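Presented below is the structure to which this report refers.
The sequence lines fix the lettering, A, B, ..., with proteins before strands; numbering per chain opens at 1. Quantities reported herein were computed from a predicted structural model and do not represent experimental measurements.
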There are 2 protein chains.
Amino acid sequence: MLTNFYEQAEEMIRHTGDRITRGRVLVLGILLAEKKAISHHEIEEKLGDDSAINRVTLYRILEWLNKKDLAHKVISGDRKWRFRTNIYTGLHQHAHFKCSICAAVTCLSDVKAKYSSPLPPGYQSHEVELTVKGLCAECA
Amino acid sequence: MLTNFYEQAEEMIRHTGDRITRGRVLVLGILLAEKKAISHHEIEEKLGDDSAINRVTLYRILEWLNKKDLAHKVISGDRKWRFRTNIYTGLHQHAHFKCSICAAVTCLSDVKAKYSSPLPPGYQSHEVELTVKGLCAECA
DNA sequence: TATTTTGCGCAACTTAGTTGCATTTAATAT
DNA sequence: ATATTAAATGCAACTAAGTTGCGCAAAATA
Ligand SMILES: [Mn+2]
Ligand SMILES: [Mn+2]
Ligand SMILES: [Zn+2]
Ligand SMILES: [Zn+2]
């Protein structure tokens, strides 16, 4: 039942102290119902014609969700941002998987990035991003 | 002396069996002289007005260098491709460093990506991409 | 020097995201 | 319930980075 996701979305938005708007509820509701990270375009499609939101507004909602730590943005080489709600992954850093066939991006919630040898002298690491590319379970 | 890089470039291009053109020599020469991965735009700047190459041609040259394994493409979240010659890094996979201040992208030639736990069942890994973000030695 | 690819230049297009500004609306105060 | 106001939205126009099609130029080879 998608309704439950919208209710949950509304509650999460209320909790931020910022305004509860139609757009925010719809978009976060969609993200909550989704198991993978999805793009601006995919969200527009899921909104459909009747619940349509202006593209600029949608960008701004996604930016806001990210800022409020209700969702995170995944960057993946095809120049498209994808978003996933944080409630399933938490705020910690995790790796991502990108399928070479269907292009689906999955959050690997409990996979953390590591590397084999230290950075060059003087370099400071703030964040480590890891993307595994290959075939997802559906496409393999 | 940049001339040496152009001679080296010419030799490398000859070795592919494909045509030795002004554009290919200039671009590969620039990449050989460079210690970090650089973007289309940065290459255009280095070419300057007199050695200018049409932007489309430049894209095609970079694509060709990548295909011929003379250079590799680095993807880094700011929607810009960057390129580095392979002669200093080899063909093996390696991690990259992106400075949050100066935006420079460095190939960490001997740093390999690892991860903490296995992929979900059914997933197949073909390639692992790792980017460390933080401050480079210059900016730290 | 002529022929044959292969690569180049131009113009027009696409995709994804951004900016400025006027209008609407959620929250709140009366 | 209505007015007020700050925040969010919609629209139009813009930007950055890369792509496509096609006629023309120039390397390689004969
Ligand atoms: Mn994620
Ligand atoms: Mn590299
Ligand atoms: Zn897949
Ligand atoms: Zn730096």
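Here C:dT15 presents its P atom at 15 Å from CD of A:E42, a figure rounded to the nearest Å. The interatomic distance linking A:I20 (CD1) with D:dA7 (P) rounds to 16 Å, in whole Å. Atoms CG (B:N66) and P (D:dT19) sit 12 Å apart, rounded to a whole Å. As a whole-Å value, the separation of B:D78 CG from C:dG17 P is 13 Å. In this structure, CZ of B:R14 is placed 8 Å from P of D:dA28, rounded to the nearest angstrom. Protein atom NZ of A:K80 is 9 Å distant from nucleotide atom P of C:dG17, rounded to whole Å. The separation between B:I75 atom CD1 and C:dA16 atom C1' is 16 Å, rounded to whole Å. Across the protein-nucleic acid pair, A:K68 atom NZ and D:dA7 atom C1' stand 12 Å apart, rounded to whole Å.
When each of B:Q93, B:H94, B:R84, B:R82 is checked for a side-chain hydrogen bond (donor to acceptor under 3.5 Å, both in side chains) with B:H72, only B:H94 meets the rule.
Contact of the A:H41 side chain with the A:E45 side chain is registered, since non-hydrogen atoms from C-beta on lie closer than 4.5 Å.
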Do nucleotides 2-14 of chain C as a string where each nucleotide becomes B, S or -: B if the base has a protein heavy atom under 4.0 Å, S if just the sugar-phosphate does, - if no protein is that close.
-> ---BBSSBBB---

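Of the possible donor and acceptor atoms, none in the side chain of A:H92 sits under 3.5 Å from a partner among the backbone N and O of A:K112.
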Dump the intermediate steps for side chain to side chain contact (heavy atoms under 4.5 Å, CB included) on A:F5 and A:V25, then the final yes or no.
-> CA-CA 9 Å; A:F5 290 118; A:V25 174; over 6 Å; no

Might you work through the side chain to side chain contact (heavy atoms under 4.5 Å, CB included) test for A:N66 and A:L62, ending with a clear yes or no?
-> CA-CA 6 Å; A:N66 188 49; A:L62 291 167; over 6 Å; no

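The stretch residues 97-104 of chain A has no heavy atom under 4.0 angstrom from DNA chain C at all.
Smallest separation of non-hydrogen atoms from A:V111 and B:P118: CG2-O, 4.1 Å.
Residues satisfying the salt bridge (charged side-chain N to carboxylate O under 4.0 Å, His left out) criterion with B:E127, sequence neighbours excluded, are absent altogether.
Linking Ile, Leu, Val, Met, Phe, Trp and Tyr whenever their side-chain heavy atoms come within less than 4.5 Å leaves A:Y115 and B:L135 in two separate clusters.
The pair A:R14-A:E11 counts as a salt bridge, with a side-chain nitrogen and a carboxylate oxygen less than 4.0 angstrom apart.
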